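The next block holds one structure in the form of structure tokens; read it before the comments.
Because the structure is a prediction, the values reported are computed rather than measured.
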Amino acid sequence: MRASKLFFPTLREIPGEAELISHRLLLRAGYIRRLTSGVYTYLPLMWRVLRKIEQIVREEMDAAGAQEILMPVVQPGDLWQKSGRWEDYGKELLRFEDRRGFPSVLGPTHEEVIAALAAGEIHSYRQLPMNLYQTATKFRDEIRPRFGLLRGREFIMKDAYSLDADEAGLDASYQQMADAYHRVFARMEIPVRMVESDTGLMGGNVAHEFTLLVETDAGENTVLYCDRCDYAANLEVAHSREQDSPPPPSPEAPHAIKQVATPDMRTIEEVSDFLAVPRERLVKTLLYRAGDRVVAALVRGDHELNETKLKKAAGGAVEMADAETVQRVTGAPVGFAGPVGLAGANQDVRPTIVADNAVRGMANFVTGANAADAHLTGVNPHRDFQVDVWADIRDTQPGETCPQCDGKLLAASGIELGNIFKLGTKYSEGLGARFTDAEGNERPIVMGSYGIGITRTAQAAIEKFHDDNGMIWPLPIAPFQVLVLIMNAADETQRRVAEDLYARLQERGVETLLDDRDERAGAKFKDADLIGVPIQVVVGRLAPRGKVEVRRRGQPERHEESADAAIERVTALIKGADGGSG
RNA sequence: CGGGGCGUAGCGCAGUUUGGUCAGCGCGCAUGUUUUGGGAACAUGAGGCCGCGAGUUCGAAUCUCGCCGCCCCGACCA
């Protein structure tokens, strides 16, 4: 490809709409343009990258025995009513009516469609297992699109669905996909971690995310990972040895309970400082609504409540109680809630008390007094209040011990590039996807679902691999492998050497971009660095001596050598990348 | 949805407080000359319903009201 014919509108100035470095570079380097909020056009360079990523994913999915299909963008609403997600998915599910008034949706994912397909076509255990996948554009009407392609409304995703006869089959399919995912990211040279995660809206019970850990603020997930072994978990579900083996009751002799004035002291910090009591000797009481019930969640003062865990302990969705509810339940304004006497405060709203396991090992602690401007000291569980549910409901903290080995847990923020879910039978039951097993019994198909964000992966790679001058693509997913720069397009000798080099690289199957534009050298170098093609071959003042210069984008070394040697070097670099991890 | 901000040439912005002298700057674009290894210099030129709609006024980019779009923070989520 010749740069003179390639549409890649680079920008010298930073577009105002972008915050994240990867988003800015995508715009500046002419890879994408925004059409409307969260919706982008992929320009030629971007499309080449996306196709490379897609192809690697395709090859690994095929190798894992999955079959490629393509499913509709528009889905009938009744499919979603049957799975229950018509209600559960919320406003992210873009709904509309067709001309006849039938409710329809723009597909944000395809579990329903697969289950419906299976319901019609899979009838016997002899047809199982099966794994179907597609790479397609999805639409989720995000509350707040941001970070360019990292959280767009429209995006390209590979989604695969396994269909199995039983749980053991699902386990095998799941493992196959996990293995395939490791190969996919290794081939792309993107260092992801496989992270335990919550199943969220998808249903099911086991899920992992493939997450790229980043130093920038692009990460939307917090990941806790072991510094020694391969344990890694999303903060939502992470746990430590400290949490797994809760402390025994404190041996401390109980003090008398005492009410103390704490005027206007509402936060843990304020109360702790005011009473000169360390934070870990306080217990905070957070009130949540769970349907028409109220849940009081108790965690140690220096711990953070984990809503995902609370949801499980409380047996249903929870949301933070509003100020009125707090007032009604505790009889006090926000900031003074406590477990003591909560039951008696107002019998009709007696909350369920869910306490974190760590509270079990505490004695003589401080809590809110359920009265304005007052706290209690010398509070003890059992003697002063009853706990309905003991559970792990707090965030794991960095520095705690790995649950699998003796390592320490570290925290990092991460970008989720892929996920795998054991779905079970939620969708097959809802949509009637049943088969007859060897014994003649009718059973629901056991499903798994496996996604890789194609567009998201592309941007995440930039977030991970760039410098002040621009992108630095890993070779396997770069839009071009080599960029040949003609320093002075008016110079006959340079032209001849570069054209020759270009032709010979093309012959060898090297994906080459020739910058033959009538631009100044400086502008070409800037654009070259910006678009991030990983190997640069500069044809300039050494051309009369038959020499060119080979550089690796992002590395300072420059190899001045003959065109023949350059071609050898380039070929070797590309081979090395192919063989290294593929 | 709550909070904050923005909308003026393809891009980045000034001008709005105090209505008139206001259609401006830089980059980019076009043409010419000189240049040619890290976003060249000079000259000439094109390019605007100042987001849209009402209103106030002799007069609106500027004041008022409504609407639309976009960005940031939060709740939500992959």
Side-chain angles (χ1 to χ4, degrees), chain A residues 9-20 23-24 27-30 33-39 88-93 108-109 138-159 195 197-202 207-212 217-221 234 236 307-308 317-320 322 414-421 449-457 459-460 468-470 485-491 494 515 517-530 536 538-543 547-549 551 558 560:
Chain A
T10 57
L11 266 25
R12 186 191 293 217
E13 290 179 78
I14 298 166
E17 74 186 63
E19 198 80 350
L20 225 56
H23 186 194
R24 288 181 175 185
L27 292 164
R28 276 196 63 207
R33 285 295 182 264
R34 188 180 57 77
L35 179 62
T36 182
S37 181
V39 177
D88 294 346
Y89 217 92
K91 288 192 175 166
E92 271 174 51
L93 182 61
T109 175
K138 313 271 188 192
F139 191 92
R140 293 183 191 169
D141 202 359
E142 277 295 330
I143 272 173
R144 183 152 91 85
R146 62 185 124 170
F147 301 153
L149 271 24
L150 287 186
R151 196 190 241 359
R153 294 194 297 164
E154 194 174 286
F155 56 97
I156 300 174
M157 183 174 167
K158 184 286 301 178
D159 47 326
V195 171
S197 65
D198 187 40
T199 50
L201 258 185
M202 299 295 283
H208 288 85
E209 293 166 351
F210 286 75
T211 298
L212 175 67
D217 54 3
E220 302 190 273
N221 294 320
N234 191 306
E236 292 177 336
E307 286 193 15
T308 304
V318 293
E319 68 177 319
M320 186 79 93
D322 54 34
I415 304 172
E416 178 186 346
L417 303 183
N419 51 38
I420 54 180
F421 293 93
S449 118
Y450 316 91
I452 290 179
I454 304 292
T455 40
R456 175 178 264 217
T457 295
Q459 185 174 336
D468 291 345
N469 296 316
L485 292 128
I486 310 177
M487 287 296 86
N488 182 356
D491 183 306
Q494 291 186 21
D515 193 348
R517 295 174 302 164
D518 183 19
E519 289 285 346
R520 299 175 58 81
K524 290 190 176 189
F525 279 130
K526 290 292 183 190
D527 277 348
D529 288 349
L530 197 55
Q536 300 177 350
V538 182
V539 181
R541 56 183 166 221
L542 304 172
K547 291 196 165 185
V548 300
E549 187 180 304
R551 318 165 165 192
R558 303 177 177 195
E560 295 182 354

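Straight-line distance from the CZ atom of A/Arg12 to the P atom of B/C27: 8 Å, rounded to whole Å. Here the P atom of nucleotide B/C76 and the CD atom of A/Glu319 are 10 Å apart, to the nearest Å. For the pair A/Leu530 CG and B/C11 P, the computed distance is 18 Å after rounding to whole Å. Atoms CZ (A/Arg24) and P (B/C11) sit 17 Å apart, rounded to a whole Å. Protein atom CZ of A/Arg33 is 14 Å distant from nucleotide atom P of B/G10, rounded to whole Å. Straight-line distance from the CG atom of A/Asp198 to the C1' atom of B/C76: 14 Å, rounded to whole Å. Atom CD of A/Glu92 is separated from atom P of B/C1 by 15 Å (rounded to the nearest Å).
For the pair A/Met487 and A/Arg541, the minimum side-chain heavy-atom distance is 4.5 Å or more. A/Phe147 is not listed as a side-chain neighbour of A/Ile415, based on a closest heavy-atom distance of 4.5 Å or more. Side-chain contact check for A/Arg33 versus A/Leu27: some heavy-atom pair is nearer than 4.5 Å. Counting heavy atoms from C-beta outward, A/Arg146 and A/Leu20 have side chains that stay 4.5 Å or more apart.
Across all strands shown, A/Asp527 has heavy atoms under 4.0 Å from base atoms, whether or not it also approaches the sugar-phosphate. Using a 4.0 Å heavy-atom criterion, one finds that A/Leu485 contacts no nucleic acid atom at all.
Across every strand in view, B/A40 sits in a pair with B/U34 that passes the Watson-Crick or G-U test at under 3.5 angstrom. With a cut-off of 3.5 Å on both pairing distances, B/G28 has no Watson-Crick or G-U wobble partner at all. Under the Watson-Crick or G-U wobble criterion, with both distances below 3.5 Å, B/C65 is paired with B/G53. Nucleotide B/C1 forms a pair with B/G74, judged by Watson-Crick or G-U wobble geometry with both contacts under 3.5 Å.
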I'd like to compare against my own output: the B/S/- annotation of nucleotides 70-75 of chain B with a strict under-4.0 Å heavy-atom distance to protein.
SSBBBB

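Look at the C1' atom in both B/A61 and B/G24: the space between them is 12 Å, to the nearest Å. Only the P atoms considered, B/G47 is 15 Å distant from B/C25, to the nearest whole Å. Rounded to the nearest Å, the gap between the C1' atom of B/U57 and that of B/U62 is 13 Å. Nucleotides B/U21 and B/U31 have their C1' atoms positioned 33 Å apart, rounded to a whole Å. Taking the C1' atoms as reference points, B/G19 lies 31 Å from B/C27, given to the whole Å. Annotation: B/G3 and B/A46 have their P atoms spaced 47 Å apart (nearest Å). Taking atom C1' on both B/A60 and B/G51, the two are 16 Å apart, rounded to the nearest angstrom. The separation of B/C11 from B/U17, taken at their P atoms, amounts to 26 Å, rounded to a whole angstrom.
A donor-acceptor contact closer than 3.5 angstrom links the side chains of A/Gln536 and A/Asp529.
The shortest heavy-atom contact between A/Gln459 and A/Leu150 is OE1-N, 3.3 Å. Nearest heavy-atom pair, A/Thr36 versus A/Arg153, reported as atom, atom and distance to 0.1 Å: CG2-NH2, 4.0 Å. Across all their heavy atoms, A/Arg28 and A/Glu13 have their closest contact at CG-O, 3.8 Å. A pairwise comparison of heavy atoms in A/Arg517 and A/Ala489 identifies O-CB, 3.6 Å as the closest pair.
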Tabulate protein N/O versus nucleotide N/O from nucleotides 41-45 of chain B, keeping only pairs under 3.5 Å, one per line.
none

Polar atom pairs (N or O), protein with nucleotides 36-38 of chain B, under 3.5 Å:
residue, atom, partner, partner atom, Å
B/G37, O2', A/Arg541, NH1, 3.1
B/G37, N7, A/Arg541, N, 3.2
B/G37, O6, A/Arg541, N, 3.0
B/G37, N1, A/Glu549, OE1, 3.2
B/G37, N2, A/Glu549, OE1, 3.0
B/G37, N2, A/Glu549, OE2, 3.0
B/G37, N2, A/Arg551, NH2, 3.1
B/G38, O6, A/Arg551, NH1, 2.1
B/G38, O6, A/Arg551, NH2, 3.0
B/G38, N1, A/Asp529, OD2, 3.2
B/G38, N2, A/Phe525, O, 3.4
B/G38, N2, A/Asp529, OD2, 2.2

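Taking CD of A/Glu154 as the reference point, atom CZ of A/Arg140 lies at 12.5 Å (rounded to 0.5 Å). Taken to the nearest 0.5 Å, the CG atom of A/Asn419 stands 12.0 Å off from the CG atom of A/Asp198.
Using a cut-off of 4.0 Å between Lys/Arg side-chain N and Asp/Glu carboxylate O, A/Arg456 and A/Glu209 are scored as not salt-bridged.
The residue among A/Lys524 and A/Gly152 whose nearest nucleotide of RNA chain B lies closer to the 5′ end is A/Lys524.
Of the residues A/Val548, A/Val538, A/Val539, the one that meets the side-chain contact (heavy atoms from CB on, under 4.5 Å) test with A/Leu485 is A/Val538.
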